[in-house]
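Side chains included, hydrogens not; waters and symmetry mates left out as well; all remaining heavy atoms used. The first residue of the sequence shown is numbered 1, and numbering continues consecutively from there.
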Amino acid sequence: MPRAVRAVGIVLALVVLGLAIAASVAFSRRVALAEWLLLDQIAARGVSPAALRVSHVDARGIAIADLALGPPDAPDLAIAEITASWSLAGLWERRLDSLRVSGVDLRGTQRDGKLSLGALDALLAGDGASDTAPVLPASEITLEAARVQIATPKGVAKGTLGGSLQSLGDGTIDGRFELALDGAGLRARGALEVSGSLDAPAFHSLLEAERGLPVAGRVEVRGQVAREQGARIFDATVALRDASFTSDIMRMSGVNGVIALRGPPLHTPKQQILSLGVVDVGVPLTEGLVEFTLRRDGTVAVALAMLHFAEGELRAQDVVLDLDAKQTAVTMQARGLDLTALLA
């Protein structure tokens with residue numbers, strides 16, 4: 001979702017351009033000129049088609065309605081209303097005093113580890129290194145009723161986001177959003193906190209995933225987005241508390257531990273350790289421990305898996321798991337099994 005949020009941010013930043021000119025001309029021409037300026041700036045960045053309607057503009061602010069980028073019948077980004085206010089000092093610095101955005105609907109697709117936002121991809125194509133630290137287009141941005149839908153091979157992932165983000169004008173940011181996720185095997189609610197700078201934001205999110213779905217339990221994520229060789233990367237730690245995971249080949253519950261993740265593509269920079277309450281692969285295995293690495297291709301390399309069974313233990317070493325596979329052959333070594341408990 002970081003790329004999706006950034007794409008919306010770029011669109012909002014375009015609102016700042018040319019507003020000082022629109023505010024200074026005769027009232028009868030303000031609306032038409034403001035619409036022309038905004039559409040011209042969007043087109044100059046390779047986004048087409050685009051449509052919007054300026055419902056009000058004066059010396060203190062502007063109201064924009066029905067912004068749509070992409071096909072008119074199914075736009076990649078639609079925003080019901082954008083309201084901006086400004087002062088002379090703020091316009092001199094090419095910044096707004098406040099920006100309120102409501103009714104956001106963003107659509108995209110994720111395939112082969114890549115995210116596409118349709119007409120908005122042109123805005124993201126220039127995401128290279130820059131000597132100038134980016135800043136927010138406004139001192140305060142309020143986001144209401146934002147919806148994101150990403151079509152993935154596992155189904156449509158949906159999310160809603162609402163909250164506010166503040167900036168001191170030097171790139172320092174601080175914000176909090178309420179977040180809800182649904183689809184592609186996950187349904188969860190929680191909060192997302194953002195801090196640091198716009199160029200390298202830090203984030204913290206605490207999510208409660210509902211039981212009865214492929215992924216459930218309490219998940220806490222902390223991390224930071226940065227640049228490496230001109231490309232965006234992120235480092236995060238994911239703390240799992242009594243989490244569960246269900247696939248076609250196994251069911252795990254009582255999962256606890258902390259996982260370090262890096263991406264894109266999503267992978268673990270080193271070997272990770274998790275404790276497992278129950279692993280059901282046709283027979284229940286309990287009190288387990290697994291040491292693993294998530295590879296860049298999405299497979300899981302298990303260095304060691306140890307689980308209790310029949311008053312003894314089962315061990316597996318050097319196993320590669322494809323979580324999308326219907327079947328996976330795993331050879332386990334049995335130690336100290338009790339024959340009576342085994343037959344029972």
Side-chain angles (χ1 to χ4, degrees), residues 4-45 47 50-70 75-106 117 119-120 123 132-148 160-177 194 197-199 201:
V5 173
R6 180 179 177 274
V8 175
I10 294 175
V11 173
L12 298 180
L14 296 178
V15 174
V16 181
L17 300 176
L19 293 181
I21 299 175
S24 64
V25 299
F27 177 79
S28 60
R29 300 186 58 191
R30 285 178 187 170
V31 170
L33 180 57
E35 288 181 352
W36 179 83
L37 285 170
L38 293 171
L39 289 172
D40 181 68
Q41 290 296 326
I42 293 173
R45 283 156 175 78
V47 179
L52 58 83
R53 179 171 56 87
V54 174
S55 58
H56 177 77
V57 60
D58 59 23
R60 294 174 296 180
I62 189 172
I64 302 170
D66 305 327
L67 171 68
L69 304 181
D76 301 303
L77 173 65
I79 301 179
E81 185 178 24
I82 302 173
T83 303
S85 64
W86 57 65
S87 61
L88 183 59
L91 287 177
W92 185 259
E93 298 176 356
R94 299 174 67 83
R95 287 171 50 81
L96 303 173
D97 293 340
S98 66
L99 187 63
R100 185 179 65 84
V101 186
S102 61
V104 178
D105 195 346
L106 177 67
L117 299 176
L120 278 73
L123 295 177
T132 303
V135 295
L136 289 182
S139 299
E140 181 175 7
I141 296 178
T142 302
L143 186 63
E144 300 176 358
R147 299 179 300 275
V148 179
T160 60
L161 192 68
S164 62
L165 186 65
Q166 296 81 36
S167 172
L168 299 179
D170 58 356
T172 302
I173 58 174
D174 180 47
R176 178 181 174 86
F177 298 87
V194 183
S197 69
L198 195 62
D199 191 48

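- By the side-chain hydrogen bond (donor to acceptor under 3.5 Å, both in side chains) test, T142 is found to be paired with no residue, residues two or more places apart in sequence or in another chain being considered.
- Rounding to the nearest 0.5 Å places CD1 of I62 at 5.5 Å from CG of L38.
- At least one side-chain heavy atom of I173 sits less than 4.5 Å from a side-chain heavy atom of L165.
- The two atoms that bring S85 and S98 nearest to each other are OG-OG, 2.5 Å, heavy atoms only.
- Note that OG1 of T160 is 12.5 Å distant from CZ of F177, once rounded to the nearest 0.5 Å.
- At a threshold of 4.5 Å between non-hydrogen side-chain atoms, the residues S167 and L198 do not count as touching.
- The two atoms that bring S102 and I79 nearest to each other are O-CG2, 3.7 Å, heavy atoms only.
- With sequence neighbours excluded, the residues forming a side-chain hydrogen bond (donor to acceptor under 3.5 Å, both in side chains) with D97 are S87, listed by chain and number.
- Listed by chain and number, the residues in a salt bridge (charged side-chain N to carboxylate O under 4.0 Å, His left out) with E35 amount to none (sequence neighbours excluded).
- In this structure, the separation between CG on L106 and CG on L161 is 11.0 Å, given to the nearest 0.5 Å.
- Residues passing the side-chain contact (heavy atoms from CB on, under 4.5 Å) test with L39 are A50, L52, sequence neighbours excluded.
- Every residue two or more places apart in sequence or in another chain that forms a salt bridge (charged side-chain N to carboxylate O under 4.0 Å, His left out) with R53 is listed here: D66.
- Taking 4.5 Å as the limit, every side-chain heavy atom of D76 sits out of range of all side-chain heavy atoms of L117.
- Partners of S197 by side-chain hydrogen bond (donor to acceptor under 3.5 Å, both in side chains), not counting sequence neighbours: none found.
- With values rounded to the nearest 0.5 angstrom, L33 atom CG is found 10.5 Å from D40 atom CG.
- Taking the side chain as every heavy atom from C-beta outward, L77 and V104 approach each other to under 4.5 Å.
- Partners of Q166 under the side-chain contact (heavy atoms from CB on, under 4.5 Å) rule, at least two apart in sequence or in another chain, are E140, S164, D174.
- Formation of a donor-acceptor pair under 3.5 Å by the W36 side chain with backbone atoms of V31 is not found in this model.
- Looking at residues two or more places apart in sequence or on another chain, you find no side-chain hydrogen bond (donor to acceptor under 3.5 Å, both in side chains) involving R147.
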